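This report concerns only the one structure given below.
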Amino acid sequence: MERIITRFVTALRQRGIRVSPGESIDAVHALALGGVEGREAVRALLRLTLVKNANDLPAYEEVFDRFFSNSQPIPQGLVAADLLSAMIHIVEGEQLKADIPDKHGDDGPTLTVDEEVGAEDLKDLLGLEESDDDGGGPEIQVQLDGYRGKIEAPKPSDYYMQGPPTVAFHQQGDQKTVPFTAEELADMQEVVSRMIVRLRKDVRRMKEKQNRGKLHVIRTIQKNYRHDMVPFLLSLRRKLREKPRLVVLCDVSFSVSHASRFMLLLLHTLHNRLMDVRSFIFNKELAEITELLRNMPVNALLETIDRGEIVNLDDNSDFGNVFLIFKKKHLENMRGKPAVIILGDGRNNYHEANDWALEEIREKAGYMLWLTPEERDTWSRGDCLMELYGSYCDRVEVVRDVNELSLMVEDLFRNLCTDQPRRLARDLLKARAEEPLDYRDYYTRGGSGQPPALDPQGRSHW
Amino acid sequence: MITEQEVKDLLGSGGYIADEAIATAVFLAIRMEKPILIEGPPGVGKTGLAKTLSQVLDFPLVRLQCYEGIDEGKALYDWEYGKQLLYTQLLRTQLDSYLSVSADLREAVERLSAEESLFFSMNFLVQRPILRSFLSEKRSLLLIDEIDRSGDEFEALLLECLSDFQVSIPELGVIEARAKPLVILTSNGTRMISDALRRRCLFLYIGYPEFDREVAIVCARFPELCETLARQMVEFLRKARDLNLRKPPSVSETLDWAQVLSILHATRLTPEVVANTVGAIAKHQADMQQMTELAQRELM
């Protein structure tokens, strides 16, 4: 029984569910107690002991069904040739019909093959090499190519479980649908967690200060009646301060997708830890994702967004429309005076500007910050309405990369949570001001960064 | 020795219709002496399970409602400073005579510190819910409600209590539970509970019940309601849950509504009945409108 559980736990881990050794011991103990009969009860029992996160439940059900399915056990002592022929059978569309050993009982099989196991799974078994010259080769080859295009360094769990259809056909040039790679995710997580550590210190200091108000004389006396008015228990006047509220509108159209990805991750991590955040994403339509951020793993959410299931990604972004929808649907039930952050490039694709809606939002908001990836000198070019929209905001900031974005957001949080001056933004501005001003990049400063090509006639580029 | 089926029947006798997962969880919690962490949307019967259990198992219920800023002084124990002070005041004369025997100050201090334990004893300890349930002679049921409202620090505080069923008090040492209580933690999932706490618990997710179970719940609570109406109600509410409402109706709303309908002696659902009683199932104005529209569509 222990071996079965161990293998089951391994299968769960391969699917990405974190199961600790202690939990598998629990499961074995629980099974040993007896009193549990029937498939459903065992399913419930293992679920209770092994899965500790509601997000993992669907994956667990899937693994359970697969693992304890009507699998056809393969006798022990397999040889590679058998496996290969089995693989060829599968590839050629025949079903594997292995003999079922009747004496082995529960502990017998160490390897199960059923209809759902695809050819690529067999590749992993017993260190089998992919065979590219004999039967069944071509199809496997195709699928492997699929993996290579999709992910640089696939984790075992990725290529073990992913069904062929989603993996096999990878479209070139469709870069934006690739979710975060593991390294990218880890990098961002690190940036965010460092930021949180920094912030948390300030928030704690703020809270301590909050509790250190003046003495509330009357309440102190009341509290110490039974101590003969000896003031054992002090009651201090609290400086009341509400949990800061934040509303974030994130453009997810192609032009700013990278920045908004990071923003979403940031929100996901910050959510409910330090403040009350309501998050929206928009392209042409607007959708609230506060609940989704709370309940879904971030990669799954990003994939859902990229598939266009939340807002249609085929449209061009339409800020005017979005502000109008936001005003109609959500402005009424915005509590307090939240800080509003808008992330987008302000390129309205020549739709109606509806800046009056933005003005009304501004009136309800305590603070409005617009983050744009574009440099100032392009703000009024083409369909960009940044100048117009920017005039309603308290602040418009250019964020060129992930680091600047995180500094900007940290700054805002600090501003909202504490009375600290904006330390980092100041540093950032100072650093920018100290950038050596080179006369040669006069034309390009703040632009593309490319020096102008030298005039062929030898004139100075002044 | 209790079995899983018995747990199910026992819960049923208390009016709680449990499914396989719930019954298994309770069975394991009793047998393995492990806490259960229950997550799920509000109103699906998380707290109700604990209440019913305490009733049918005859374990006294000790409830700890969590809130932001809860600490050990509110959850575990506290020293009763006032009482300590009062006692020193009252015992002053005794103390004087006791200490007057000593030759010098040093000896007096030694004599006094020898009696220190008098003032840090169980007499002066205020037992808060967790300690109270540990110290109860009879096996109790400790309900830690809405753990997600408390902070990370409080979660860390619970770790020792939940894994070893003991409380460390610096002045008194480690106090172990007399009878290990059955612990139930509930969470609405507004905040992620740390993995350390999850590992120490059995994890039970209670979602909205399946059709048959929900009908059975309604019928068990309100036997006077005819079953066709109950089925109609549940069917309607299940559709309403798919509507993308701000507050989807939960089991507690189902029961509220069943009560309303049984008071009104309704026999079947019509759009008018729904429109008149929608206040029992919708908690926002926009939701009300959506549900009345649904009734118009579905029940005509």
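By convention in this document, chain letters (A, B, ...) are assigned in the order of the sequence lines, proteins followed by strands, and residues within each chain are numbered from 1. Predicted model, so just to flag it, every value in this text is computed and none were measured.
In terms of heavy-atom pairs under 4.5 angstrom with chain B, the leader among A/L48, A/T49, A/L233 is A/L48.
Heavy atoms closer than 4.5 Å to chain B are found in both the backbone and the side chain of A/R47. Proximity to chain A is limited to the side chain of B/E80, based on heavy atoms less than 4.5 angstrom apart. Looking at B/L202, both its backbone and its side chain come within 4.5 Å of chain A, counting heavy atoms on both sides. Neither the backbone nor the side chain of A/N224 comes within contact range of chain B, judged by heavy atoms closer than 4.5 Å. Only the side chain of B/K34 has a heavy atom closer than 4.5 Å to any heavy atom of chain A.
Applying the 6.0 Å contact sphere to CZ of B/R241 captures more than 12 heavy atoms from other residues, nucleotides or ligands. Atom NZ of B/K283 is surrounded by more than 12 heavy atoms from other residues, nucleotides or ligands within 6.0 Å. More than 12 heavy atoms of other shown residues, nucleotides or ligands fall within 6.0 angstrom of atom NZ in B/K239. Within a 6.0 Å sphere centred on CZ of A/R18, heavy atoms belonging to other residues, nucleotides or ligands number 12 at most. Environment of CZ in B/R149: sparse, with no more than 12 heavy atoms of neighbouring residues, nucleotides or ligands closer than 6.0 Å. More than 12 heavy-atom neighbours from other residues, nucleotides or ligands sit within 6.0 angstrom of CZ on B/F124. Environment of NE2 in B/H284: crowded, with over 12 heavy atoms of neighbouring residues, nucleotides or ligands closer than 6.0 Å. Within 6.0 Å of CD1 in A/I218 there are 12 or fewer heavy atoms belonging to other residues, nucleotides or ligands.
B/M32 approaches A/L33 most closely through the heavy-atom pair CG-CD1, 3.4 Å. The heavy-atom pair separating A/A30 from B/L28 by the smallest distance is CB-CD2, 3.5 Å. Across all their heavy atoms, A/A44 and B/A21 have their closest contact at CB-CA, 3.7 Å. Nearest heavy atom pair, residue A/E23 against residue B/R199, reads OE2-CG, 3.0 Å. Scanning all heavy atoms of the two residues, the minimum distance from B/F203 to A/V51 falls at CB-O, 3.2 Å.
Separation of atoms CD (B/E20) and CG (A/L45) is listed at 10.5 Å; rounding is to 0.5 Å.
Using a 4.5 Å heavy-atom cutoff, the side chains of B/Y205 and A/L57 are in contact.
Between B/D195 and A/K52 there is no salt bridge, since no side-chain nitrogen of the basic residue lies less than 4.0 Å from a carboxylate oxygen of the acidic one.
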